[in-house]
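Every value quoted in this text rests on a predicted model; they were computed, and no experiment measured them. Chain letters run A, B, ... following the sequence lines, proteins first, then strands; residues in each count from 1.
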2 protein chains.
Amino acid sequence: MVRRSGRRPGNQDTRTSILEAARASFAEKGFDKASIRSIAADAGVDPALVHHYFGTKEKLFLAVMNAPINPGELIPQALDGPRDQAGERLIRLAISVWDSPAGTAALAVFRSALSNEWTARLLREFVVTQILRRAVGEIIDDQKEAPMRSALVATQIAGTMVARYVLRIEPLASADPDIIAAAVGPNIQRFLTDPMPEVFKQP
Amino acid sequence: MVRRSGRRPGNQDTRTSILEAARASFAEKGFDKASIRSIAADAGVDPALVHHYFGTKEKLFLAVMNAPINPGELIPQALDGPRDQAGERLIRLAISVWDSPAGTAALAVFRSALSNEWTARLLREFVVTQILRRAVGEIIDDQKEAPMRSALVATQIAGTMVARYVLRIEPLASADPDIIAAAVGPNIQRFLTDPMPEVFKQP
DNA sequence: CGAATAATTCATCAGGTGTTGAAATCAACG
DNA sequence: CGTTGATTTCAACACCTGATGAATTATTCG
């Protein structure tokens, strides 16, 4: 039975403004330190309203993450092109995403993953294992090397993001993306395609 | 006037046991999530006693850091040897420190730096700017390139630590230090000694 | 209008945080 | 023994956290 009376769901402005405040807060402070109360205050709203719309704090986080970022689209996009420049395209893609407005969400995931265990699992099992490992698998030849090679690639990318966006180490934090790509890209490329010493050995 | 009566300061065991509990807790949870109360509980002691001995929480953190780690000794030690293998020695040193019992302190600094601003400054201004930059300065030729080259080196080292010890990405988290050194070392070496494209340009 | 329903707020719970000051316990010395 | 002073604990303050459920306001429909 579909009851069709009463108020229709109007004014979703506050809902999205909560979402925006949450994204900004998560990106700036990470999952733990971003409090529902401060998010609600930034949105000019009662804290209980946040729970009304999104339930728990974790659901709010997931709601923030769903919208803007889709690594499943981005990484394959970094793959088409000459294979010997895949490393530079990867780091260039990462920087461009993080510098874009939608990049605040990426920063939110990352900052949270560094201090919160369930966000770390999110990043580790989804982004690294699912996305990055598949992408790397399409570049390299010996598939047995895929886990280690993608972990090494993650090493250099994560390190760059930590240094530039989290720790803000100069002069890297203010450096031009082209310079970073030229400096870091070849190293990622080496992780991808250079012969590795007994890399495949793993239990 | 030297008053010489009353109880003499005995039994410093509890003080050091607090220190140990604090080091373990800071390493596992980072500065913010490690609570004085839980540290006191781990040490089998009242929370107020922690304040009695160490004052504020930040002072406790600094007290934990003072004892075991002294990068000023370690980094120069990584410098003596052939310059074309300095990269491998650096990453090898980092891993050995972090895997040592004293390494829990390093993990504590790092974990905290990723989610706490004043710890981040500690890491950025002291470890990177003071220690690493000087060490790199003794390896490279053109000193104008020291800031960017040491930032890049920090990129790869920090990334390896994040992947292995914080995010625990497999198979890197369980990999043998020799394999990691062989895989990552040459990339650090390239950051140190290979010609860089207009790296010195910085405001 | 009046009923239904959504949007929003109030008050509150149970718990955790760093920190403080006073009180109690205990060992060593004169 | 009794005083002294270090060690340790108790109790509390003031504040923040996520979460709940009831109450209130507002809007739209029949």
Side-chain angles (χ1 to χ4, degrees), chain A residues 1-23 25-26 28-64 108 111-112 115-119, chain B residues 1-23 25-26 28-64 108 111-112 115-119:
Chain A
M1 307 307 176
V2 184
R3 305 203 173 186
R4 321 186 85 270
S5 110
R7 184 182 191 173
R8 296 286 154 268
N11 198 22
Q12 295 283 29
D13 295 353
T14 60
R15 199 193 133 99
T16 69
S17 76
I18 289 176
L19 227 50
E20 279 183 27
R23 168 154 53 248
S25 198
F26 281 137
E28 184 189 348
K29 309 176 189 176
F31 180 81
D32 293 300
K33 301 178 99 172
S35 74
I36 298 251
R37 288 175 141 88
S38 78
I39 291 175
D42 288 353
V45 146
D46 190 276
L49 192 60
V50 180
H51 283 95
H52 173 66
Y53 278 126
F54 302 98
T56 167
K57 189 184 181 183
E58 301 193 350
K59 288 183 183 174
L60 172 61
F61 186 83
L62 291 177
V64 163
R111 249 212 157 92
S112 305
S115 63
N116 182 280
E117 185 49 36
W118 83 266
T119 326
Chain B
M1 306 309 176
V2 184
R3 306 202 174 187
R4 317 185 91 271
S5 113
R7 185 183 193 175
R8 296 287 154 266
N11 197 23
Q12 294 282 25
D13 294 353
T14 59
R15 198 194 134 99
T16 69
S17 75
I18 290 176
L19 226 49
E20 278 184 26
R23 169 154 54 247
S25 196
F26 282 137
E28 183 190 348
K29 309 175 188 175
F31 180 81
D32 293 300
K33 301 178 100 173
S35 74
I36 297 252
R37 286 174 144 88
S38 80
I39 290 174
D42 288 353
V45 144
D46 190 276
L49 193 59
V50 180
H51 283 93
H52 173 66
Y53 277 126
F54 301 98
T56 168
K57 189 184 181 183
E58 300 193 352
K59 287 182 183 174
L60 172 62
F61 186 84
L62 291 178
V64 163
R111 251 215 155 88
S112 304
S115 64
N116 182 282
E117 185 49 35
W118 83 266
T119 326

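- In this structure, A:K29 and A:R111 approach most closely via the heavy-atom pair C-CD, 4.2 Å.
- There is no side-chain donor-acceptor pair under 3.5 Å between B:S17 and B:T14.
- To the nearest 0.5 Å, the span separating NE2 on A:H52 from CZ on A:R15 amounts to 9.5 Å.
- Of the residues in residues 41-48 of chain B, those placing a heavy atom less than 4.0 Å from an atom of DNA chain D are B:V45, B:D46, B:A48, in numerical order.
- One atom, OH of B:Y53, and another, C1' of D:dT9, lie 12 Å apart when rounded to the nearest Å.
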When the side chains of residues 40-51 of chain A are checked against the rest of the protein, which donor-acceptor pairs come out under 3.5 Å, sequence neighbours left out?
| from | atom 1 | to | atom 2 | distance (Å) |
| --- | --- | --- | --- | --- |
| A:D46 | OD1 | A:A48 | N | 2.8 |

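- Considering only residues two or more places apart in sequence or on other chains, A:K33 meets the salt bridge (charged side-chain N to carboxylate O under 4.0 Å, His left out) condition with B:D32.
- The terminal axes of the helix from C:dG15-D:dC16 to C:dG30-D:dC1, fitted over 5 pairs per end, subtend an angle of 30° to the nearest 10°.
- Residues satisfying the side-chain hydrogen bond (donor to acceptor under 3.5 Å, both in side chains) test with B:T56, not counting sequence neighbours, are none.
- In this structure, A:H52 atom NE2 and D:dT24 atom P are separated by 18 Å, rounded to whole Å.
- Once rounded to the nearest 0.5 Å, the distance linking CZ of B:F61 with CD of B:E58 reads 9.5 Å.
- Distance OG/A:S25 to CD/A:E20: 13.0 Å, rounded to 0.5 Å.
- Considering only heavy atoms from C-beta on, A:L60 stays 4.5 Å or farther from A:Y53 through its side chain.
- Atom-to-atom, CD1 of A:I39 to C1' of D:dA19 comes out at 14 Å; the value is rounded to the nearest Å.
- Going from atom CG of A:L60 over to atom C1' of D:dA19 covers 14 Å, rounded to whole Å.
- What you find for B:F54 and B:K59 is that their closest heavy atoms are O-CB, 3.2 Å.
- Using modelled atom types, one side-chain atom of A:S112 and one backbone atom of A:F31 make a donor-acceptor pair closer than 3.5 Å.
- Summarising the geometry, the separation between NZ on A:K59 and P on D:dA19 is reported as 10 Å, rounded to the nearest angstrom.
- Between the CG atom of B:L49 and the P atom of C:dA24 there is a distance of 18 Å, given to the nearest Å.
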Dump the pairs, protein N or O against N or O of nucleotides 14-18 of chain C, anything under 3.5 Å, distances to one decimal.
| from | atom 1 | to | atom 2 | distance (Å) |
| --- | --- | --- | --- | --- |
| C:dT17 | OP1 | B:S35 | OG | 3.0 |
| C:dG18 | OP1 | B:I36 | N | 3.2 |
| C:dG18 | OP1 | B:K57 | NZ | 3.1 |
| C:dG18 | OP2 | B:I36 | N | 3.0 |
| C:dG18 | N7 | B:R37 | NH1 | 2.4 |
| C:dG18 | O6 | B:R37 | NH1 | 3.3 |
| C:dG18 | O6 | B:R37 | NH2 | 3.2 |

